[in-house]
There are 4 protein chains.
Amino acid sequence: MINNVVLVGRLTKDPELRYTQGGVAVARFTVAVNRTFSNQQGDREADFINCVAWRKQAENLANFMRKGSLVGVQGRIQTGSYDDKDGKRVYTTDIVADNIQFLEPRNATGGGGNFNQPSQQQNYGGQSNQFNAQPQQSYQNQPMNQQNYTNMNDDPFSAPSQGNAPQGSVDMSDDDLPF
Amino acid sequence: MINNVVLVGRLTKDPELRYTQGGVAVARFTVAVNRTFSNQQGDREADFINCVAWRKQAENLANFMRKGSLVGVQGRIQTGSYDDKDGKRVYTTDIVADNIQFLEPRNATGGGGNFNQPSQQQNYGGQSNQFNAQPQQSYQNQPMNQQNYTNMNDDPFSAPSQGNAPQGSVDMSDDDLPF
Amino acid sequence: MINNVVLVGRLTKDPELRYTQGGVAVARFTVAVNRTFSNQQGDREADFINCVAWRKQAENLANFMRKGSLVGVQGRIQTGSYDDKDGKRVYTTDIVADNIQFLEPRNATGGGGNFNQPSQQQNYGGQSNQFNAQPQQSYQNQPMNQQNYTNMNDDPFSAPSQGNAPQGSVDMSDDDLPF
Amino acid sequence: MINNVVLVGRLTKDPELRYTQGGVAVARFTVAVNRTFSNQQGDREADFINCVAWRKQAENLANFMRKGSLVGVQGRIQTGSYDDKDGKRVYTTDIVADNIQFLEPRNATGGGGNFNQPSQQQNYGGQSNQFNAQPQQSYQNQPMNQQNYTNMNDDPFSAPSQGNAPQGSVDMSDDDLPF
DNA sequence: TTTT
DNA sequence: TTTT
């Protein structure tokens with residue numbers, strides 16, 4: 001059945017990358033989408049939407065996007081529930097990302113000098129991301145934002161275990177690289 | 001910013017119609033959207049997605065749709081939170097419906113004989129729903145599924161108060177009627 | 001980049017199924033989507049949107065859907081062009097369907113008795129299609145609506161040759177069957 | 001019925017702003033959306049999608065966006081036709097934009113110095129565009145990119161005359177301004 | 001060239 | 001628990 005979501009917004013924090021026991025990369029992130037209208041106090045509010053990405057998209061996201069980065073997400077809504085430490089049922093709603101577009105990186109806050117956005121770049125020919133990737137940012141070499149959890153099932157906020165880590169030969173190509 | 005959702009699925013219960021203190025109709029409903037893939041046990045699961053509709057769409061939904069009815073929903077994700085009776089913060093995610101399409105009514109389970117689907121109807125003129133509305137189902141006369149709450153703010157599950165009940169002259173035309 | 005379309009509407013004709021030289025099934029069909037508003041003459045117009053489906057989706061569509069059938073389509077916009085017999089450039093816009101939902105079959109117009117919609121069916125448990133598939137409708141056995149073109153490239157309206165017939169192991173599972 | 005499109009891509013040319021005889025602003029523009037996969041030659045192609053915006057969105061677009069600017073568009077597909085000078089019927093497909101997000105301005109190619117993107121701006125308060133509008137860019141004062149056509153019906157590529165220029169009190173608020 |  |  002049709003279950004289709006598109007969001008454009010900013011990461012509220014650095015994405016959180018983990019690996020399942022089977023070694024599959026999963027990234028969790030929250031996208032803040034500002035509303036296009038103001039409330040009665042004249043303020044513009046935002047919706048904070050939890051998202052999950054898998055595999056290469058997860059790794060690319062963790063490597064190239066930061067708190068504040070602008071992203072486009074196409075995916076589907078996934079609902080679930082778990083029991084918290086008080087035995088209380090908590091219902092969850094997440095967007096499972098099928099496709100993520102890196103619209104704008106956020107400069108690294110540290111002294112890294114990475115993700116710099118040259119003012120006079122010539123970026124004809126296609127992709128919308130606006131940064132020059134340095135070799136050391138390659139996801140194969142040293143994933144950033146990575147945490148050392150290995151068992152997602154310890155964490156009630158981890159994505160559910162059934163059916164959402166597409167196994168098999170759906171291996172993504174270099175087309176998933178954001179450049 | 002872009003925040004766009006489209007769902008096609010079935011109502012898990014009759015829609016719940018209320019009115020705000022200002023007299024604005026609000027309907028809450030949950031759409032079950034079956035996943036297009038099976039889990040590791042070979043079962044097809046579903047996502048249960050909470051939705052809100054306002055004004056005439058809310059009234060039409062409550063009048064014509066039932067548990068099991070197939071609907072299309074176009075809208076946006078809205079997040080919020082409230083504190084439950086234990087003082088615990090609960091986060092909510094709902095779809096605010098901009099546009100609802102009645103794809104198929106579900107026969108009333110009671111002896112009503114309403115919402116019957118005549119096999120030889122002539123229903124030219126546009127909408128895809130397949131039933132003849134009886135006069136007594138007119139939303140002006142006697143809204144069905146209605147509850148007598150008048151103050152949504154008593155209810156933590158009610159839609160938030162700010163900004164989502166578009167006031168003013170956005171009055172809907174008869175185009176909103178599902179026939 | 002994000003290029004996302006969702007439509008719900010009716011087939012203007014029976015879908016047209018062909019096979020590429022490589023043996024890949026392609027279906028072309030047009031979805032009429034009625035507008036939700038009326039024009040200045042008070043009439044409700046429609047948009048007629050050309051779509052393409054590939055492989056098992058194409059075959060299922062051709063087997064189970066007919067002129068008048070209600071479908072949901074999720075996909076992306078694809079543009080192209082060709083030169084007509086007068087050497088004039090013609091620009092094309094099509095929706096490439098990633099996912100098709102069969103919302104309602106249309107009874108076969110002939111005496112077939114297929115695709116009948118029993119009035120008292122018990123269809124709990126999920127899928128939205130409303131018909132009982134007869135064995136002889138199985139897509140493996142005898143595809144319907146099929147034409148005997150084998151070389152799509154003879155036809156300027158055929159889908160372009162580059163990149164849109166995902167080769168390889170993306171073979172669809174039985175989940176694609178509409179029941 | 002549901003007819004929903006979301007695109008993120010770049011303008012292929014400066015938007016073309018006109019006014020109907022009734023004085024309603026209309027902008028036409030084409031969005032290039034790069035495909036996420038490569039063709040058999042290993043090249044990444046793009047789809048070139050014609051779009052229309054109305055009223056304040058049209059004016060804002062013409063004032064702030066240029067060839068190369070990155071935009072998000074949410075809208076619906078509209079089909080139509082006209083007869084060309086040879087009396088040949090030409091079919092058209094356009095996206096009618098309900099909502100446009102300015103994701104990134106493109107610096108004016110001329111010596112203007114407009115649309116510069118200060119590196120240390122403070123742009124709190126909502127929108128994702130990253131530039132400071134100069135007073136002379138205000139849409140009320142001197143619309144840019146404007147052409148002096150007054151009768152859209154002279155132009156077969158103009159948006160159709162029926163029903164798509166919502167008259168009346170749908171006047172947009174300042175929320176439509178891109179800052 | 002269009003569905004209901 | 002939130003981005004700009």
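Protein chains get the first letters and strands the later ones, always in sequence-line order, with residue 1 at the start of each.
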Rounded distance (Å) that lies between atom [atom2] of [N] and atom [atom1] of [X]:
X: C:Leu11; N: E:dT3; atom1: CG; atom2: P; value: 11 Å
X: D:Arg89; N: E:dT1; atom1: CZ; atom2: P; value: 5 Å
X: C:Met65; N: E:dT2; atom1: CE; atom2: P; value: 23 Å
X: C:Glu104; N: E:dT3; atom1: CD; atom2: C1'; value: 11 Å
X: A:Arg35; N: F:dT4; atom1: CZ; atom2: P; value: 18 Å
X: B:Tyr91; N: F:dT2; atom1: OH; atom2: P; value: 7 Å
X: A:Lys13; N: F:dT3; atom1: NZ; atom2: P; value: 10 Å
X: A:Leu7; N: F:dT2; atom1: CG; atom2: C1'; value: 15 Å

Select one nucleotide: of E:dT4, F:dT2, E:dT2, the one nearest the side-chain heavy atoms of C:Asn34.
E:dT4
Rounded at 0.5 Å granularity, tell me how far CD in C:Gln101 sits from CD1 in A:Ile2.
5.0 Å
Is any side-chain heavy atom of A:Asn50 closer than 4.5 Å to a side-chain heavy atom of A:Phe29?
no
Checking C:Ile100, C:Ile95, C:Thr12, C:Val71 against C:Val31 for side-chain contact (heavy atoms from CB on, under 4.5 Å), the one that qualifies is C:Val71
Has A:Asp14 got a side-chain atom pairing as donor or acceptor with A:Lys67's backbone, closer than 3.5 angstrom?
yes
